Asks: 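Let me begin by handing over the structure; questions about it come next.
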Amino acid sequence: MGELKLMKGNEALAEAAIRAGVDGYFGYPITPQSEVIEYLMAEKPHDRTGMVVLQAESEVAAINMLYGAGATGKKAMTSSSSPGISLMQEGLSYLAGAEIPCVVANIVRGGPGLGDIQPAQSDYFQSVKGGGHGDYRLPVLAPASVQEMSDFVPLSFDLAFKYRTPVLIVSDGLIGQMMEKVELFDTMPRLTDEEVTARYPWGTNGKPKGGERRIMTSLDLDPHKLEKHNFHLQDKYRTLEEDEVKYELIDCDDADYVIVAYGSSSRIAQKSIQLARKEGIKVGLLRPITLWPFPKKQINALIKQGVKGFLSVEMSAGQMVEDILLTVGDRTKVAHFGRYGGVIHSPEEVLEALKQKIIGG
Amino acid sequence: MSDIHTLSVQDIIKPENLVYEKTKLMTDKTLSYCPGCGHGTAHRLMMEAIEELGKENDTIGVAPVGCSVLAYEFMNVDMQEAAHGRAPAVATGIKRVWPNKLVFTYQGDGDLAAIGTGETIHACNRGEQIVMVFINNGIYGMTGGQMAPTTLPEMKTSTSPYGRDVNMMGNPLKMTELIAQLPGTHYVTRQAVHTPAAARKTKRAFKKAFQNQIDGKPGVSFVEVVSNCNSGWKMTPIDSNKWMEENMFPFYELGDIKVDGKLIEK
């Protein structure tokens with residue numbers, strides 16, 4: 001059993017970064033995720049593991065510091081909240097194009113624009129459809145507890161380096177701010193410079209003696225070569241869709257109806273399921289853990305199993321519901337329910353929506 | 001008569017006749033720069049400096065967006081291509097996790113002094129131990145000759161076709177003087193590469209800048225090179241160098257601005 005602690009989600013994410021052997025964290029404060037950099041600065045991770053923490057002048061600078069550090073084969077990480085993540089989209093596109101591993105956590109708040117500082121899930125489209133310019137996708141992990149805020153940091157780095165891609169952790173202001181018990185994993189030592197050089201020969205950390213220099217770029221002025229590079233990226237995304245889908249099923253074995261929800265919404269939906277079952281309505285929960293790649297196969301399996309309708313519950317005006325619709329088509333009912341702009345729905349509201357939009361609709 | 005024809009080029013190219021050669025830190029790729037442009041000279045001088053310091057395996061460069069976007073094709077060291085203006089942030093990321101490596105940025109005026117102003121000032125203000133090379137030709141070359149932050153007053157470009165009207169378009173920005181004021185810069189100099197004498201001075205400046213980084217001197221070493229853009233200025237290479245001397249140098253005065261962390265009294 002690892003060390004048990006009562007922590008905020010943001011603190012658990014920060015502690016996990018130190019323990020996961022991250023080499024550099026570059027960030028910029030924004031509510032509701034400022035505890036991440038505050039915790040890191042207070043912890044003096046350089047003394048603990050040699051990890052560098054730097055407060056950048058902007059989110060734009062921070063994401064480009066990730067580009068520089070990540071392109072050398074080191075583990076680089078940042079975190080922010082919605083408006084800051086929008087500023088990072090240029091950098092994410094370049095990182096995806098140049099195939100640079102790194103981890104970016106988004107503690108989502110209400111939008112659009114400056115919005116507010118309350119929890120929301122309205123950055124789903126931006127997270128799973130690319131976000132910046134060009135044809136690319138990023139693996140997106142959605143923690144639903146403080147425990148997962150910790151666990152998903154090393155998991156994200158595994159994906160980032162396995163596929164040479166930025167990975168997003170998409171959480172929200174609720175999980176970032178709330179306190180829960182968390183079992184911390186043991187500290188993994190940072191790789192030495194020699195280990196980085198040996199393990200990641202693509203890293204631009206100084207031309208090998210007697211070897212060829214490396215170039216890290218997303219530019220190719222020859223359209224045929226760039227198309228070939230895009231083919232390669234799409235192949236990678238297909239592999240991710242095949243091999244890396246993660247989800248959780250709760251009470252789905254006998255379910256007539258399934259709520260699809262991630263992050264905070266999935267926690268609320270668990271209560272809605274209990275309320276429904278008390279009334280004799282058999283409802284289950286499909287919780288996508290990877291928002292991209294999306295658990296399409298699991299939705300198909302649930303339809304085969306006889307599920308008569310899916311309710312997408314999101315703290316947004318209805319974004320993930322489009323991916324459910326793309327999978328389901330007209331085979332069965334699909335609807336969306338959610339409060340947004342920083343308002344959190346109640347379990348009762350969710351159940352009422354299920355009755356009206358799916359069961360009775 | 002026959003003696004003249006027996007001496008071929010191959011007879012001259014012999015190791016014992018070699019007095020100067022291209023640094024092996026420049027690749028054999030044909031430069032993409034316009035004939036007459038100063039970029040190629042600046043590239044070569046910088047690479048010679050790195051080679052002479054024996055640091056080819058310990059250097060990571062960051063290329064900009066602009067005419068020198070393809071600098072990584074020509075500089076034979078590990079290179080990263082940054083987004084427009086972000087090279088100082090990228091270099092910060094590299095240097096912070098590889099503090100013993102030499103890290104440099106190579107940027108034009110649009111990159112360093114317009115879109116990347118924030119990154120430039122803050123990297124300089126944090127005192128990152130990097131070398132920043134700033135090629136200032138007063139114009140946006142790659143996109144076809146538009147106005148730069150460093151375009152001189154009354155100077156004609158495709159977006160100031162009647163000359164830069166400072167009341168409407170603002171004044172040229174002396175970024176180098178600006179960052180020299182920051183305690184995070186250690187060495188700040190402005191040079192040129194249009195004559196052999198100027199090129200020799202610039203090479204000394206590059207060497208000093210990289211030596212500062214090797215020695216762990218605190219802060220940025222910043223080398224501006226005032227250069228020509230004969231295509232953008234719509235002049236012959238010779239005329240452009242003359243124009244540069246007559247118009248650019250009085251405004252962008254050559255010489256050291258800050259040495260060993262101390263501003264030079266003028």
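Just so it is clear, the model here is predicted, and its values are computed rather than measured. Numbers restart at 1 for each chain; the letters A, B, ... are given by sequence-line order, proteins then strands.
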Asks: For the pair B:Lys207 and B:Glu48, find out whether any cationic side-chain nitrogen is under 4.0 Å from an anionic carboxylate oxygen.
Replies: no
Asks: What part of A:Phe26 gets within 4.5 angstrom of chain B, counting heavy atoms only: side chain, backbone, both, or neither?
Replies: side chain
Asks: Do the charged groups of B:Asp111 and B:Arg86 touch, with an N to O distance under 4.0 Å?
Replies: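 Between B:Arg86 and B:Asp111 there is no salt bridge, as every charged N stays at least 4.0 Å from the carboxylate O atoms.
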Asks: Any ion pair linking B:Asp78 and A:Lys207 (charged N to carboxylate O, less than 4.0 Å)?
Replies: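 Not counted as a salt bridge, because no side-chain N and carboxylate O are separated by less than 4.0 Å.
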Asks: Quick one: what part of B:Ala91 sits under 4.5 Å from any heavy atom of chain A, side chain, backbone, both or neither?
Replies: neither
Asks: Most heavy-atom pairs under 4.5 angstrom with chain B, which of A:Asn64, A:Thr217, A:Ile100, A:Val52?
Replies: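 Option with the greatest count: A:Asn64.
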Asks: Indicate yes or no: does A:Lys75 engage A:Asp23 in a salt bridge with an N to O separation below 4.0 Å.
Replies: no
Asks: With a 4.0 Å cut-off, would you call A:Arg164 and A:Glu99 a salt bridge?
Replies: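 Looking at A:Glu99 together with A:Arg164, the answer is no, because their closest N to O distance does not fall below 4.0 Å.
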Asks: So which part of A:Leu54 gets closer than 4.5 Å to some heavy atom of chain B, the side chain, the backbone, both or neither?
Replies: side chain
Asks: So for A:Ala61, is it side chain, backbone, both, or neither that comes closer than 4.5 Å to the heavy atoms of chain B?
Replies: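 Both backbone and side chain.
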Asks: Sort out for me which of A:Gly68, A:Gly24, A:Gly50 touches chain B most, counting heavy-atom pairs under 4.5 Å.
Replies: A:Gly68
Asks: Indicate yes or no: does A:Arg190 engage A:Glu195 in a salt bridge with an N to O separation below 4.0 Å.
Replies: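 Salt bridge absent between A:Arg190 and A:Glu195.
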Asks: Contact part of B:Val97 toward chain A, heavy-atom cut-off under 4.5 Å: side chain, backbone, both or neither?
Replies: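 Interface part for B:Val97: both.
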Asks: For chain A, which candidate among B:Met79, B:Gln80, B:Glu81, B:Lys55 shows the most heavy-atom pairs at distances under 4.5 Å?
Replies: B:Gln80
Asks: Report the option among A:Glu212, A:Met51, A:Lys74 that has the most heavy-atom pairs separated by less than 4.5 Å from atoms of chain B.
Replies: A:Lys74
Asks: Could you tell me whether A:Tyr200 atom OH has more than 12 heavy atoms of other residues or ligands within 6.0 Å of it?
Replies: yes
Asks: Is it the backbone or the side chain of A:Leu221 that comes under 4.5 Å from a heavy atom of chain B, or both, or neither?
Replies: side chain
Asks: Report which part of B:Ile121 has an atom under 4.5 Å of a heavy atom belonging to chain A: side chain, backbone, both, or neither.
Replies: neither
Asks: Centroid separation under 6.0 Å, is that true for the rings of B:Tyr33 and B:Phe74?
Replies: yes
